[in-house]
Every structure is written in structure tokens, then in C-alpha cells.
Amino acid sequence: MKKIAIFASGSGSNAENIITYFSARNSARVELILSNRSDAMVLERAKRLQVEAVVFDRDTFYHSDRIVSLLRDRAIDYVVLAGFLWLVPANLLAAFPDRIVNIHPALLPRHGGKGMYGDRVHRAVVEAGDAESGITIHRVNEVYDSGDIVAQYRVPVMPSDTPEQVASKVHALEYQYFPIEIEKELLKF
Ligand code: GAR
């Protein structure tokens with residue numbers, strides 16, 4: 001059984017969905033939740049779901065090997081970013097080549113890059129008058145939102161849609177497809 005670590009900065013609804021998905025399967029389990037925010041709701045979810053959670057600060061993440069060591073200690077095979085807002089440092093990328101995946105709540109390369117996350121993305125989609133949005137699941141590299149695309153799924157955006165309505169359609173796609181795409185990636189190694 002493969003071991004997954006999830007990095008999340010906020011609510012963690014995707015993290016919870018992934019934990020639940022794999023708890024009913026033999027392919028993998030979520031071993032660890034990591035967050036850069038001590039007040040993130042994902043930590044409450046981890047506690048309720050009895051998954052170990054670790055909070056770290058910027059200095060630890062960017063100027064030490066402590067996170068990589070922790071992931072190695074727990075024998076983590078695969079890393080998932082689910083609403084994680086910091087750029088992944090080189091030591092972590094090198095430790096998990098092609099084994100870090102992220103989800104972005106739009107159809108990259110549209111509406112990606114530094115500072116484009118969560119509701120800001122949905123506002124940008126509505127302001128641009130886009131006729132569709134969706135999700136992009138991609139491998140992580142040293143530049144925001146620019147790694148190889150694993151999968152994209154689309155939803156129509158109506159001219160009358162608010163950013164909240166777009167968010168709700170996009171979240172539904174995330175919950176439906178992110179765990180399945182993670183599982184497919186895990187089967188490749
Ligand atoms: C998700 O919609 C995810 O796609 C997005 O943050 C949200 C986290 O929600 N990620 C990004 O915007 C990354 N640039 P959650 O904490 O409820 O899973």
C-alpha cells in the first residue's frame with residue numbers, strides 16, 4: 001500500500017475527500033497532513049479523521065531538510081498539494097521526482113501563477129467572461145502552475161454565474177476526479 005502526504009494551507013475539503021476515498025481502498029492511504037498555517041481548518045479535519053498532522057513555518061520549509069526528513073521517516077511515496085499556497089522548494093522536488101501533484105481550480109494555462117488561488121481564480125474567470133472553467137491536475141515543478149498536466153476536466157460557465165457559483169461547480173469536479181487521478185498516478189510506479 002502506497003503512502004500519501006497531503007500539503008494544505010486552508011479549509012482542506014479536498015484533503016478530507018482524498019483521505020475518505022483512500023480509506024475505503026487498498027491502493028494507498030493518507031499518512032500525513034502538513035500545513036503552513038496553525039489555524040487552518042484542515043488540521044481539525046485531520047484530527048477528526050485521525051490522520052497525523054504537522055505544522056511548519058517558512059524557515060523550516062525553505063531553509064532546512066526537516067520536511068524531507070519527516071517524509072522519508074514516514075516512508076511517504078507520493079505528495080499531494082490540495083490548496084497549498086507556497087512554492088515547493090528544490091530539496092522537496094528532488095526527493096520526490098514526478099511524485100508531487102497539485103490541483104488548480106481553472107483550466108491552466110489560464111488563470112494560473114503566483115497569487116492565483118481559490119476565489120481569486122473564480123473571480124478572474126467571471127471577469128474575463130470565460131465560457132468554461134474547470135480543474136487542472138498537474139505535476140509540480142519549480143514554477144507555479146507550470147508542471148506537466150496530468151488531467152483537465154471542464155464545466156460550462158454561464159454569463160449570469162457568480163464567482164461563488166463557478167467555485168461550487170469546480171469543487172464538484174475536484175471531489176469527483178482528484179482522488180481518481182492520484183490513484184492512476186500511483187499505479188505508474
Ligand atoms: C481548491 O479549490 C484548490 O483547487 C485550490 O484551493 C482550493 C482549496 O480548497 N488550489 C489553488 O488555488 C492552487 N493554486 P480546499 O482547502 O477546501 O481543498
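Since the structure is predicted, the reported quantities are computational estimates derived from the model, not experimental observations. Atoms within a ligand are numbered from 1 in the order they appear, just like the ligands themselves.
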Taking side-chain contact (heavy atoms from CB on, under 4.5 Å) as the test, write out the residues that go with S9, two or more places apart.
N36, F84, L85
Does ligand 1 come near enough to H104 that some N or O of the ligand is less than 3.5 Å from an N or O of the residue?
yes
Which of the atoms of ligand 1 are close to G83, meaning less than 4.0 Å from one of its heavy atoms?
6 (O), 8 (C), 10 (N)
Hey, which atoms in ligand 1 end up nearer than 4.0 Å to a heavy atom of S11?
16 (O), 17 (O)
Please say whether the positively charged group of R66, taken as NZ for Lys or CZ for Arg, lies over the ring of F56, i.e. under 6.0 angstrom from the six-membered ring centre and within 45 degrees of the axis.
no
Is it true that H171 lies under 4.0 Å from ligand 1, counting heavy atoms only?
yes
Hey, does Y175 come in under 3.5 Å of ligand 1, counting only N/O atoms on both sides?
no
Applying side-chain contact (heavy atoms from CB on, under 4.5 Å), can you list everything that pairs with K114, at least two apart in sequence or on another chain?
Y144
Between K47 and E44 (salt bridge meaning N to carboxylate O under 4.0 Å), is one present in this structure?
no
What protein heavy atom lies closest to atom 11 (C) of ligand 1? Include the residue and the distance to one decimal.
P105 CD, 3.5 Å
Is it true that R99 and E185 have a side-chain N and a carboxylate O under 4.0 angstrom from each other?
no
If I take atom CG from residue N14 and atom CD1 from residue I6, how far apart are they, to the nearest 0.5 angstrom?
8.5 Å
For atom 4 (O) of ligand 1, the protein heavy atom that lies nearest, with its residue and separation:
E174 OE2, 2.4 Å
Within the 4.0 Å heavy-atom shell around G118, which atoms of ligand 1 are there?
12 (O)
Atom 17 (O) of ligand 1 sits nearest the protein heavy atom S13 OG, 2.5 Å
Measuring from the heavy atoms of I103, does anything fall under 4.0 Å of ligand 1?
yes
Can you say whether the rings of W86 and F61 are parallel (under 30°), tilted (30 to 60°) or perpendicular (over 60°)?
tilted
Can you list the atoms of ligand 1 that are under 4.0 Å from a heavy atom of M116?
14 (N)
Would you please determine whether G12 falls within less than 4.0 Å of ligand 1 on a heavy-atom basis?
yes
Using 0.5 Å steps for rounding, measure from the CG atom of N91 to the CD1 atom of I67.
9.5 Å
